[in-house]
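In what follows, a single structure is set out as structure tokens and then discussed.
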Amino acid sequence: MRVSVSAFLILFLFSGVLTAGAFAADLKVKVVDPQSAAVPGAEVSLSRANESKVLATQTTSAEGSVVLRTPSGGTYQIKVLAPGFAAETVEVSSQAEVTVNLHLATASETVVVSATRTPVAGEAAGADVATLSGAELSAMRPTAADDAVRFLPGAVVNDAGQRGGLTSLFVRGGESRYNKVIVDGVAINEPGGTFDFGTLPMDQADRMEFVRGVQSTLYGSDAMTSVVQVWTRSGSTPVPELRFGADGGNFGTANGYASLAGARGRFDYNLFGNQFNTRGAGVNNAYSDSLEGANVGAALNERTSLRVRFRHSNSHSGVPGEWNFNGSPLQPPDPSDWSQLNNVLGSAELAVTGPAGWQHHFTGFDYVYRYNELNVNGDAARVFDFPSNEVDHINRVGFEYQGDYSERSWAHTTFGYRVENENGFVGNLAYGTQTHGQRLSDDVYLQQQLTWGRLSAIGGARFVHNSAFGNTGVPRVALTWQALRGNETFSGTRLRFSYATGFKEPRLEETFNGIPQNLYNIPNTGLKPEHARAFEAGIQQNLLQGKYVFTATYFNNQFRDQINYVTVDPVNFVGKYLNVNKALAHGAEAELQAKLRSRLLLTTAYTYTSTQILENPAPINSLYNVGSPLLRRPKHSATVLLSYLGTKWGANLGGSFVGRRPDSDFLGFGIDHAAGYARADLGGWYAVNSHVTTYLNVENALDRRYNEVVGYPALPVNFRAGVRFRIGGE
């Protein structure tokens with residue numbers, strides 16, 4: 001494979017050299033944001049005016065610039081797609097240099113990447129996408145990913161009370177295991193398992209994207225109801241920029257951080273570290289996390305670049321367990337149970353552009369996941385609290401190639417190959433030794449984007465061969481039609497439809513755990529993935545020349561082959577995991593996006609979700625009987641996010657409203673629901689001068705007492721205030 005990849009790379013580099021001879025002049029394009037700062041990573045394409053053929057495509061350097069070789073004579077069109085900003089198109093003729101100024105826009109106009117794996121305007125993505133820009137994250141200052149994603153449309157976050165507690169995400173009625181989470185291009189899910197959003201630190205996060213709907217065609221396993229993707233900030237200033245600061249708040253909260261970033265010549269860099277500590281609001285509520293990382297890039301030549309990323313996070317959390325149920329303390333918290341999560345992410349990406357509209361990305365990645373939860377003696381005062389020691393050591397390593405070709409301005413092809421090795425030891429040492437499981441997966445995928453006048457179409461498929469569960473194929477098609485072009489008041493109406501299938505691989509313990517390591521479980525090496533069938537239909541109405549955008553979407557998801565533990569020997573309590581369950585989730589989302597002022601953005605959304613268990617031959621209690629709703633999925637939920645992104649100051653107001661939802665204490669207290677709640681967060685910063693910035697963030701500002709998960713009381717009102725210093729930069 002190494003020989004073929006090298007030959008492939010050499011062929012395109014050589015073709016690019018031959019093609020370059022037909023160009024006569026150099027055009028330098030500089031891309032800047034509303035604050036006139038350089039924008040790295042923007043896609044810049046060149047074509048002749050009034051022609052659709054793409055002559056060249058390049059990505060801006062760390063300093064926000066590219067050099068395009070233009071044929072002599074004529075007028076040309078430059079199109080800039082920078083994630084987090086509106087798309088920009090400018091015409092040039094004889095200029096040697098041009099600056100493209102980007103501007104903020106509503107979500108439908110904002111360029112996103114996650115929906116198609118390539119930059120595209122949100123309204124053409126064929127999916128519902130919500131974003132948080134670096135400026136919005138700076139005002140919000142989330143400690144972890146859960147404090148950011150909870151205010152995005154369609155997200156329902158359930159955390160276990162305190163900071164660092166297990167935090168799950170439910171989207172469109174799917175399981176908490178149905179979300180693909182990617183950081184700097186690397187999937188960081190535990191294979192087939194639940195992802196903990198409460199322990200993903202957001203320091204140095206430059207952008208977050210949240211795609212709702214099935215996306216397994218592009219991202220493989222786990223992308224059954226959503227994809228959450230986070231990118232780390234890169235250096236962009238010729239003068240090295242040192243940032244450091246600290247903040248503190250109630251409940252013994254303290255946070256300190258530092259970063260050194262810049263761009264010089266062919267190189268850019270961002271080196272950073274962060275330490276967060278809090279004792280929490282109650283017994284055994286302490287949480288700490290340390291983060292170290294680096295994002296380093298090098299331009300090997302004008303068409304080839306190399307980027308290396310590294311992140312290490314080590315967190316420790318008390319685990320008081322469930323004890324306070326909707327305001328009733330029915331048992332004491334556990335004073336000694338604790339958990340530790342230690343993970344390392346590393347990747348190296350080689351990017352090659354050209355000839356013409358070609359782009360290539362070769363990425364090697366490695367992700368190490370280490371989890372340990374220890375309850376030494378149990379607690380006699382607590383119901384069913386027994387000793388345990390869960391230890392999971394998992395490694396995900398692999399290689400991926402992604403190719404992109406812009407045939408015309410109205411046609412774009414994405415294709416790729418991915419190979420990954422999942423290797424892990426999992427299990428509870430208090431009940432036997434660990435189980436070893438290993439899977440090798442080969443994936444190929446293809447997606448075509450086409451636009452014919454008012455109609456846009458996206459079609460794709462992915463084929464997976466896995467050493468454990470065999471072959472799986474998943475297709476997807478999305479259609480968007482501009483029904484009305486509109487006028488100044490009703491500024492365009494778009495209709496959208498999509499159909500897709502997805503899959504989620506089993507957890508390692510579900511496939512491999514069993515006799516002799518676990519006397520109560522029979523391994524099932526023939527266990528299949530869980531599958532989803534999803535379709536959605538929606539309408540987008542632009543108002544007042546696009547300053548306001550209203551979107552409504554109906555979604556219908558059917559989940560089958562869901563994995564359940566089934567007892568096969570009731571006398572000796574022996575069972576095995578089988579693909580036996582089936583469920584339905586459908587509902588509607590309504591969203592309003594508004595650009596109230598040039599720097600004032602509003603997004604508010606409401607979601608209705610109805611769920612039902614269709615098949616379950618082995619329910620553990622009546623909550624899982626056929627016809628029952630799925631646990632922890634509220635019928636009614638809503639979010640609001642108001643952001644002001646100025647040059648001297650910035651602020652945000654976030655609101656999350658979640659209705660009553662089915663849940664259980666699982667301890668025999670008879671509790672079958674969690675009460676509804678409303679949560680509001682405030683944040684803001686003020687630049688005293690170019691070197692000193694003060695900020696304040698308040699979470700649960702209404703001081704509401706509620707349970708996101710039954711038995712785990714949420715933090716009351718809590719705040720952090722701090723100062724950030726900046727030396728160097730521009």
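Residues take their numbers from the sequence shown, with the count starting at 1. Every value quoted in this text rests on a predicted model; they were computed, and no experiment measured them.
- Ring geometry, Phe503 versus His531: the interplanar angle falls from 30° to 60°, so the pair is classed tilted.
- Asp385 and Arg382 are joined by a salt bridge, as a carboxylate oxygen and a charged side-chain nitrogen come within less than 4.0 angstrom of each other.
- Between Arg309 and Glu349, at least one side-chain N (NZ, or NE/NH1/NH2) sits under 4.0 Å from a carboxylate O, which counts as a salt bridge.
- The two atoms that bring Gly502 and Ser216 nearest to each other are CA-OG, 3.4 Å, heavy atoms only.
- Ring-centre distance between Phe669 and Phe325: below the 6.0 Å cut-off.
- To the nearest 0.5 Å, atoms CZ (Phe555) and OG1 (Thr607) are separated by 6.5 Å.
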Discussion item. Before you tell me yes or no, could you show the steps for Tyr401 and Phe399 under ring-ring contact (aromatic ring centres under 6.0 Å, His included), namely the whole-Å CA-CA distance, both residues' side-chain angles and the distance that decides it to 0.1 Å?
Written reply: CA-CA 7 Å; Tyr401 163 74; Phe399 166 83; 7.7 Å; no
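- Of the residues listed (Asp147, Asp146, Thr199), the one engaging Arg163 in a side chain to side chain donor-acceptor pair (under 3.5 Å) is Asp147, and it is the only one.
- Asp159 and Thr167 share no donor-acceptor pair across their side chains, judged by distance under 3.5 Å alone.
- To the nearest 0.5 Å, atoms OH (Tyr367) and CG (Asn343) are separated by 3.5 Å.
- With ring centers used as reference points, Tyr287 lies 6.0 Å or more from His316.
- Checked against the 6.0 Å centroid threshold, Tyr499 and Phe535 do not count as a close aromatic pair.
- Distance OG/Ser114 to CG/Leu218: 10.0 Å, rounded to 0.5 Å.
- No side-chain donor-acceptor contact under 3.5 Å links Gln447 and Thr414.
- Remark: Glu175 CD to Phe170 CZ distance equals 7.0 Å, nearest 0.5 Å.
- Of the charged side-chain nitrogens involved, none lies within less than 4.0 Å of a carboxylate oxygen, so that Asp222 and Arg177 do not count as a salt-bridged pair.
- Of the possible polar contacts, one joining the Thr225 side chain to the Tyr178 backbone as a donor-acceptor pair under 3.5 Å is found.
- Considering every non-hydrogen atom in both Leu527 and Ile563, the closest pair reads CD2-CD1, 3.7 Å.
- If you check the side chains of His436 and Asn423, you find a donor sitting under 3.5 Å from an acceptor.
- Using a 4.0 Å cut-off between charged side-chain N and carboxylate O, Arg396 and Glu190 make no salt bridge.
- In this structure, CG on Asn421 lies 10.5 Å from CZ on Arg439, to the nearest 0.5 angstrom.
- The residues Arg307 and Asp184 are annotated as not salt-bridged, no charged nitrogen and carboxylate oxygen being separated by less than 4.0 angstrom.
- Considering only heavy atoms from C-beta on, Asp569 comes within 4.5 Å of Val571 through its side chain.
- Side-chain atoms of Thr501 and Val214, non-hydrogen and from C-beta on, never get closer than 4.5 Å to each other.
- Remark: Asp128 engages Arg496 in a salt bridge, criterion side-chain N to carboxylate O under 4.0 Å.
- By the 30° and 60° cut-offs, the orientation of the rings of Tyr624 relative to Phe666 is parallel.
- Between Arg172 and Glu536, at least one side-chain N (NZ, or NE/NH1/NH2) sits under 4.0 Å from a carboxylate O, which counts as a salt bridge.
- Contact between Ser388 and Ala430 at its shortest, heavy atoms only, is CA-CB, 3.7 Å.
- At least one side-chain heavy atom of Ile522 sits less than 4.5 Å from a side-chain heavy atom of Val568.
- The one candidate from Thr131, Leu132, Val171, Val129 that meets the side chain to side chain contact (heavy atoms under 4.5 Å, CB included) condition with Phe210 is Val171.
- Asn616 and Asn625 share no donor-acceptor pair across their side chains, judged by distance under 3.5 Å alone.
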